[in-house]
Amino acid sequence: MKLRQKIIFLAIVPLCLAFAAIALVVRHQAVELGRQQRATIEAAYLASKNAELKHYVDLATHALAHLYNTGRSDEAIKNEARQILADLEFGDDGYFFVYDQSGRNVMHPRQPELVGTEMWNWRDASGSLTIQHLIERANQGGGYERYLWRKPSSKTVAPKLGYVVGLPQWGWIIGTGIYLDDVDAALAQIDRQISGHVHQTMLLIAGIAVLCAFAVALSGLLLNLSEHRVADAKLRQLAQRVVRSQEEERARLSRDLHDGISQWLVSIKLQIEAALIRLGGTPEQAATARATFEKTAGQINGVLAEVRRISHDLRPAILDDLGLAAALEHLCGEWREAAATTATIAFETEGDAGALPDVANTVLFRVAQEALTNIARHAGASEIVVRLHGGRNFVMLQVRDNGCGFDVGQVDDHARHGIGLRNMRERMEAVGGELALDSSSAGTHISALIPRHSLFPHPHA
């Protein structure tokens with residue numbers, strides 16, 4: 001995976017994780033809120049039903065009050081009471097029922113087949129002793145009881161909430177109830193609505209997460225394209241700079257060959273031709289020819305020295321044969337002999353800078369060469385120190401002088417000046433190193449540092 005792809009991946013993954021966490025929290029809160037809302041609605045609905053049932057039973061007891069308060073308990077008065085209760089209906093599933101204290105059904109307008117049946121041990125579909133519980137609740141002063149009973153309108157067993165009170169003078173309990181399947185259906189509808197809203201919210205969050213991830217990926221792609229354009233532009237500039245450097249180097253070599261070696265060779269050729277002519281003449285001319293040959297031999301030595309100088313500028317052989325430290329020491333010696341100045345130059349070495357790759361040796365040598373060239377041209381220094389330090393984790397080259405210095409910022413901003421400094425920085429960046437420059441009126445200090453891990457990277461697993 002490329003670095004840009006890793007960056008985009010590391011941007012999208014936390015975003016998706018954040019959206020996932022938000023979705024989980026929202027879902028949990030929505031479910032919890034729905035549960036509380038359902039409980040609140042159920043409680044309010046049942047409270048209204050409880051009040052409604054109590055009102056129905058109060059209505060029935062008031063309807064029987066004129067009979068019950070007579071103090072009579074004969075069968076005639078009870079038959080009249082049963083008739084009044086049978087006429088009190090509210091809807092298809094709303095009716096009153098009567099049991100005596102032994103559990104015998106006294107009245108049931110929707111299931112007349114139960115009238116007279118002993119139901120003390122009767123159990124509903126859940127196994128509960130319904131009639132016993134109703135009688136017990138009535139004898140406690142009245143109250144509510146949940147049980148399962150057949151619903152008249154649907155002929156199916158449904159949950160029912162009953163309310164009963166006792167009439168101890170007649171040995172009766174009377175009550176009524178409402179079926180709760182409608183309540184359960186309403187609550188189930190609420191659950192479905194809440195679940196649907198939660199599902200829609202999750203889909204919305206997922207959609208937003210996908211759009212955000214797509215936006216991040218698109219932004220990363222656009223950034224990559226922009227970076228590619230910038231990199232291509234820098235690469236073109238670098239290629240142009242390389243071409244210019246090659247052309248400048250070729251021009252320099254051409255000048256050295258034309259102005260130096262070529263002219264010397266032409267002069268040597270003419271001198272040899274003239275000496276050859278004199279060799280066939282008088283003894284005096286032969287002696288002159290011999291002197292000419294001796295002079296020519298000296299010029300040939302000069303040509304050989306010039307060839308060695310050019311070769312050394314291109315690639316010093318000592319750098320390959322003896323290493324960086326010896327090459328830098330030799331460079332300082334040559335600079336001391338060739339520079340038209342009385343400045344003193346010292347070379348110091350510390351630690352172990354050996355066993356470096358050829359490219360690192362070349363870069364540090366060129367940095368030292370460029371630094372000494374700039375000192376000779378511009379610094380006017382009287383003391384120069386070149387120091388090579390080989391540490392465990394780095395190799396560092398330092399070049400220090402006590403010259404006049406210069407304004408680093410002004411040189412960096414100038415389009416034509418500071419080419420040598422830019423070349424040094426680019427050489428160091430190519431091997432993963434850094435170039436530090438400090439200049440003032442007290443002198444200039446150049447420090448080139450290369451970490452060893454950039455020279456000997458660990459292989460990838």
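As the structure is a computational prediction, the values presented were derived from the model and not from experiment.
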A.B. asks: Applying side-chain contact (heavy atoms from CB on, under 4.5 Å), run through Leu449 and Leu435 and close with a yes or a no.
C.D. replies: CA-CA 7 Å; Leu449 185 143; Leu435 183 75; over 6 Å; no
A.B. asks: Are more than 12 heavy atoms, taken from residues, nucleotides or ligands other than Phe214, located less than 6.0 Å from that residue's CZ atom?
C.D. replies: no
A.B. asks: Determine whether Pro159 and Arg146 make a side-chain contact, defined as any pair of heavy atoms from C-beta on separated by less than 4.5 Å.
C.D. replies: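 Contact flag for Pro159/Arg146 side chains = no.
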A.B. asks: Counting heavy atoms not belonging to Glu434, are there more than 12 under 6.0 Å from its CD?
C.D. replies: no
A.B. asks: Ignoring hydrogens and angles, tell me if any N or O in the side chain of Tyr179 forms a donor-acceptor pair with the backbone of Arg150 under 3.5 Å.
C.D. replies: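 Present.
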A.B. asks: Assess whether atom NZ of Lys49 is packed by more than 12 heavy atoms of other residues, nucleotides or ligands within 6.0 Å.
C.D. replies: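 Correct, the count exceeds 12.
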A.B. asks: Grab the two heavy atoms, one from Tyr95 and one from Pro152, that are nearest each other, plus how far apart they are.
C.D. replies: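 Looks like CE2-CG, 4.0 Å.
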A.B. asks: Angle class for the Phe394/His389 ring planes (parallel below 30°, perpendicular above 60°, tilted otherwise)?
C.D. replies: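 Answer is tilted, since the angle falls between 30° and 60°.
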A.B. asks: With side-chain contact (heavy atoms from CB on, under 4.5 Å) as the test, would you mind laying out the steps for Leu328 and Leu397 before giving the verdict?
C.D. replies: CA-CA 10 Å; Leu328 291 175; Leu397 171 69; 3.9 Å; yes
A.B. asks: What are the two closest heavy atoms between Met428 and Val363, and how far apart are they?
C.D. replies: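 What the structure gives for the nearest pair is SD-CG1, 3.7 Å.
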A.B. asks: Would you check if Arg35 and Val31 make a side-chain contact, meaning some heavy-atom pair closer than 4.5 Å?
C.D. replies: no
A.B. asks: His330 side chain to Ala326 main-chain N or O, any donor-acceptor pair under 3.5 Å?
C.D. replies: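 No, the answer is negative, given that no donor and acceptor are paired below the 3.5 Å cut-off.
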A.B. asks: For Glu370 and Asn374, run side-chain contact (heavy atoms from CB on, under 4.5 Å): C-alpha distance rounded to whole Å, both residues' side-chain angles, the deciding distance at 0.1 Å, then the answer.
C.D. replies: CA-CA 6 Å; Glu370 185 68 35; Asn374 289 338; 3.6 Å; yes
A.B. asks: Distance check, rounded to the nearest 0.5 Å: Leu203 atom CG versus Gln200 atom CD?
C.D. replies: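 It comes to 7.5 Å.
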A.B. asks: What I'd like to find out is whether the side chain of Asp401 reaches to under 4.5 Å of the side chain of Val385, using heavy atoms alone.
C.D. replies: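 No - every pair of side-chain heavy atoms lies 4.5 Å or more apart.
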A.B. asks: Do Tyr144 and Val164 have side chains that approach each other closer than 4.5 Å (heavy atoms only, starting at C-beta)?
C.D. replies: no
A.B. asks: How far does CD1 of Ile135 sit from CD1 of Ile131, to the nearest 0.5 angstrom?
C.D. replies: 7.0 Å
A.B. asks: So, do Met424 and Ile446 sit near enough that their side-chain heavy atoms are less than 4.5 Å apart?
C.D. replies: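 Yes - at least one pair of side-chain heavy atoms lies under 4.5 Å apart.
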A.B. asks: Sub-3.5 Å donor-acceptor pair from the side chain of Asp92 to the main-chain atoms of Ser153, do we have one?
C.D. replies: no
A.B. asks: Taking it one step at a time, do Asp124 and Trp149 satisfy side-chain contact (heavy atoms from CB on, under 4.5 Å)?
C.D. replies: CA-CA 7 Å; Asp124 64 10; Trp149 199 271; 5.9 Å; no
A.B. asks: Hey, is Glu32 close enough to Arg27 for a salt bridge, meaning N to O under 4.0 Å?
C.D. replies: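 Salt bridge between Glu32 and Arg27, a charged N being under 4.0 Å from a carboxylate O: no.
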A.B. asks: As a quick check of understanding, evaluate side chain to side chain donor-acceptor pair (under 3.5 Å) for Ser128 and His133, giving each step before the final call.
C.D. replies: CA-CA 8 Å; Ser128 176; His133 293 162; 3.2 Å; yes
A.B. asks: What I'd like to find out is whether the side chain of Tyr147 reaches to under 4.5 Å of the side chain of Leu161, using heavy atoms alone.
C.D. replies: no
A.B. asks: Tell me, do Glu145 and Tyr163 make a side-chain contact under 4.5 Å, heavy atoms counted?
C.D. replies: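 A side-chain contact is absent here, since even the closest heavy-atom pair is not under 4.5 Å.
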A.B. asks: Do you know the tightest heavy-atom contact between Pro451 and Gly433?
C.D. replies: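 What the structure gives for the nearest pair is CD-CA, 4.2 Å.
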A.B. asks: Going from CG on Asp93 to NZ on Lys160, what distance comes out if it is rounded to the nearest 0.5 angstrom?
C.D. replies: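 One gets 8.5 Å once the value is rounded to the nearest 0.5 Å.
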A.B. asks: Looking at CZ of Arg192 and CD1 of Ile190, how far apart are the two atoms once the value is rounded to the nearest 0.5 Å?
C.D. replies: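 Atom-to-atom, Arg192:CZ and Ile190:CD1 are 10.0 Å apart.
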A.B. asks: Just by distance, do the side chain of Arg387 and the backbone of Arg400 share a donor-acceptor pair under 3.5 Å?
C.D. replies: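 Side chain of Arg387 to backbone of Arg400, a donor-acceptor pair under 3.5 Å: no, none is there.
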A.B. asks: Please report the closest heavy-atom contact between Leu437 and Arg425, naming both atoms and the distance.
C.D. replies: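 For Leu437 versus Arg425, the nearest heavy atoms are CD2-NH2, 4.1 Å.
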A.B. asks: When you measure from the side chain of Thr40 to the backbone N and O of Gln36, does any donor-acceptor pair fall under 3.5 Å?
C.D. replies: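 Yes, the answer is positive, given that a donor and an acceptor are paired below the 3.5 Å cut-off.
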A.B. asks: In Å, rounded to the nearest 0.5 Å, how long is the span from CD1 of Ile22 to OG1 of Thr201?
C.D. replies: 13.0 Å
A.B. asks: Judged by atom type as modelled, is there a donor-acceptor pair below 3.5 Å linking the side chain of Thr296 to the main-chain atoms of Ile272?
C.D. replies: no
A.B. asks: Give a yes or no on whether Glu52 atom CD has more than 12 heavy-atom contacts from other residues, nucleotides or ligands under 6.0 Å away.
C.D. replies: yes
A.B. asks: Drop me the distance from Leu388's CG to Leu364's CG, to the nearest 0.5 angstrom.
C.D. replies: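 Answer rounded to 0.5 Å: 7.0 Å.
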A.B. asks: At their closest point, which heavy atom of Lys151 faces which heavy atom of Ala158, and how far apart are they?
C.D. replies: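 Heavy atoms of Lys151 and Ala158 come nearest at CB-CB, 4.4 Å.
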A.B. asks: Taking Gln369's backbone N and O only, do any of them form a donor-acceptor pair with Thr373's side chain (distance below 3.5 Å, no angle check)?
C.D. replies: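 Pair found, side chain donor or acceptor close to backbone of Gln369.
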A.B. asks: Counting C-beta onward and ignoring hydrogens, is there a side-chain heavy-atom pair between Ile178 and Leu53 closer than 4.5 Å?
C.D. replies: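 Touching, per the 4.5 Å side-chain cut-off.
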A.B. asks: Where do Val157 and Ala125 come nearest, in terms of heavy atoms and distance?
C.D. replies: CG1-CB, 4.4 Å
